[in-house]
There are 2 protein chains.
Amino acid sequence: MVSLLIADDHPLYRDALKGALVTTFNDLQLYEAGDLTSTVSLLYEHDIDLLLLDLHMPGSNDLFGLLHIRKLYPDLPVAVVSGTEDPATISKIVAVGALGFIPKTASSSDIANAVQAILEGDIWLPASVSNTMEPVDNEFSELADKVSSLTPSQYKVLCYMRDGLLNKQIGYNLDIAEATVKAHVTAIFRKLGINNRTQAVLLASQLELEPPASAHG
Amino acid sequence: MVSLLIADDHPLYRDALKGALVTTFNDLQLYEAGDLTSTVSLLYEHDIDLLLLDLHMPGSNDLFGLLHIRKLYPDLPVAVVSGTEDPATISKIVAVGALGFIPKTASSSDIANAVQAILEGDIWLPASVSNTMEPVDNEFSELADKVSSLTPSQYKVLCYMRDGLLNKQIGYNLDIAEATVKAHVTAIFRKLGINNRTQAVLLASQLELEPPASAHG
DNA sequence: TGGTCTATAAGACGAAAGTCTTAGCGCGCA
DNA sequence: TGCGCGCTAAGACTTTCGTCTTATAGACCA
């Protein structure tokens with residue numbers, strides 16, 4: 001009996017993943033989520049053996065979402081599902097702790113193989129990239145470690161900071177006082193080893209897989 | 001009689017470029033620069049037909065340097081010389097107005113052909129990328145336009161902002177009062193259509209060709 | 001059960017950011 | 001020569017940022 005959580009904001013692609021899995025695994029408990037919040041809820045409510053995670057889900061904020069889940073459930077195997085083919089991006093995803101990377105172009109048998117391998121404790125990567133994997137530089141790993149040390153509240157504040165919001169606006173969105181936001185901001189600075197929000201935004205933007213489409217302005 | 005300016009911080013590579021050119025062009029006036037400041041000085045002092053520009057020169061700040069020169073001398077043909085092979089990066093370079101892209105791995109004959117083609121008014125790209133050129137999205141072009149509308153002083157202030165410096169530190173580096181820095185900052189916000197420095201840093205980091213190696217902190 | 005640690009929360013206060021206004025200077029133009 | 005315009009510069013003032021200090025609630029441990 002294997003329980004899987006499929007976290008992807010496209011219902012059709014969730015169905016495709018399900019179809020690829022049900023033909024291979026006959027004793028399967030499947031859960032689904034369309035955004036990061038419900039993903040976290042389902043992980044809390046059920047005992048999940050493997051998470052199939054799309055990084056571009058609402059609320060996921062690219063690598064932030066993966067870091068967030070890795071922090072909450074360090075022992076949960078995570079396979080990232082994404083449309084990117086960029087080796088550098090895949091390297092970062094693996095560096096942050098994903099046990100597998102499944103391209104959206106993968107075939108049903110590839111998907112089943114990947115899930116099987118990861119459930120058995122292996123790391124699975126598509127053949128096209130596993131031989132061209134670039135070593136991720138040390139600075140990135142250190143940065144990922146630092147960001148992982150943030151508390152959930154601090155995560156959210158950092159995500160809003162990266163979107164260019166004022167402390168007051170962040171407080172409104174999180175329903176806390178501006179003074180509390182400032183406390184979180186200061187804590188973030190300490191953990192990341194910096195001293196102003198500009199540097200925080202620079203570090204945070206390094207974790208983005210692709211440049212933001214707009215300035216959120 | 002053709003006058004060329006080679007702007008690259010590696011003397012050896014400047015020599016290599018010279019070697020590739022003197023064998024093909026027999027009536028050649030060559031100038032050399034090792035950083036952006038001396039590049040601009042030489043462009044002012046002499047009548048240059050073509051600039052061979054390395055974006056990773058000291059003071060160049062990746063695409064900022066090219067934008068800067070494009071702003072000062074809109075009619076000057078520029079060929080960018082760089083070690084990158086990334087199609088997206090090359091697309092951005094061309095979108096910002098470079099008439100050619102010469103990979104550092106190019107052969108002597110390729111270099112000579114490129115220079116010849118650009119001097120004749122063509123755009124020259126290496127064969128390996130010209131067929132895989134990605135269309136640059138509209139937002140990037142708009143951003144480049146906005147950044148090009150900045151004055152030289154505003155450029156410098158934005159570059160320092162992107163490095164996480166305080167207004168006071170920027171003023172010290174540029175030898176102007178903090179009040180003046182603030183005036184520039186406000187003007188930058190207006191031109192970029194934003195209202196705080198966090199958003200400015202986000203936009204500026206989109207012009208970086210590669211993610212910064214460190215937080216400069 | 002009491003002690004300690006951590007996350008969360010928030011007020012007070014100095015520092016920095018950002019806006020508004022004014023002013024000198026160089027330039028094109030009538 | 002005089003006018004307008006844009007770049008540079010800077011003071012005055014308001015808003016936001018960031019630190020320091022304090023307080024509460026839950027987790028872990030002895």
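In what follows, chains are A, B, ... by sequence order, proteins preceding strands, each numbered from 1. Every value quoted in this text rests on a predicted model; they were computed, and no experiment measured them.
For C/dA10, the OP1/OP2 oxygens have a side-chain nitrogen or oxygen of A/Thr180 closer than 4.0 Å.
As a whole-Å value, the separation of A/Ile188 CD1 from D/dT19 C1' is 15 Å. Regarding B/Leu174, its CG atom lies at a distance of 15 Å from the C1' atom of D/dC7, rounded to whole Å. What separates CD of A/Gln169 from C1' of D/dC17 is a distance of 14 Å, to the nearest Å. Rounded to whole Å, the distance from NZ on A/Lys191 to C1' on C/dT6 is 9 Å.
Shown here for B/Phe64 and B/Leu158, the closest heavy-atom pair between the two residues is CE2-CD2, 3.7 Å. Taking each heavy atom of B/Leu143 and B/Leu203 in turn, the nearest pair found is CD2-O, 3.6 Å.
A/Asp54 and A/Lys104 are joined by a salt bridge, as a carboxylate oxygen and a charged side-chain nitrogen come within less than 4.0 angstrom of each other.
Separating the CG atom in B/Leu4 from the CG atom in B/Leu28 is a distance of 5.0 Å, to the nearest 0.5 Å. Atom-to-atom distance recorded for B/Met161:CE and B/Gln154:CD is 9.5 Å, nearest 0.5 angstrom.
A donor-acceptor pair under 3.5 Å is absent between the side-chain atoms of A/Ser3 and the main chain of A/Gln29, judged by distance alone.
Between the side chains of A/Ser38 and A/Asp35, at least one donor-acceptor pair of N or O atoms lies under 3.5 Å.
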Would you give me the side-chain donor-acceptor pairs under 3.5 Å for residues 167-183 of chain B, sequence neighbours excluded?
residue, atom, partner, partner atom, Å
B/Asn167, OD1, B/Arg197, NH2, 2.3
B/Gln169, OE1, B/Leu166, N, 2.7

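Against DNA chain C, the stretch residues 149-158 of chain A makes heavy-atom approaches under 4.0 Å through A/Thr151, A/Ser153.
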Footprint string (nucleotides 16-22 of chain C, 5' to 3'): B base within contact, S backbone only, - free, heavy atoms under 4.0 Å: SBBB---

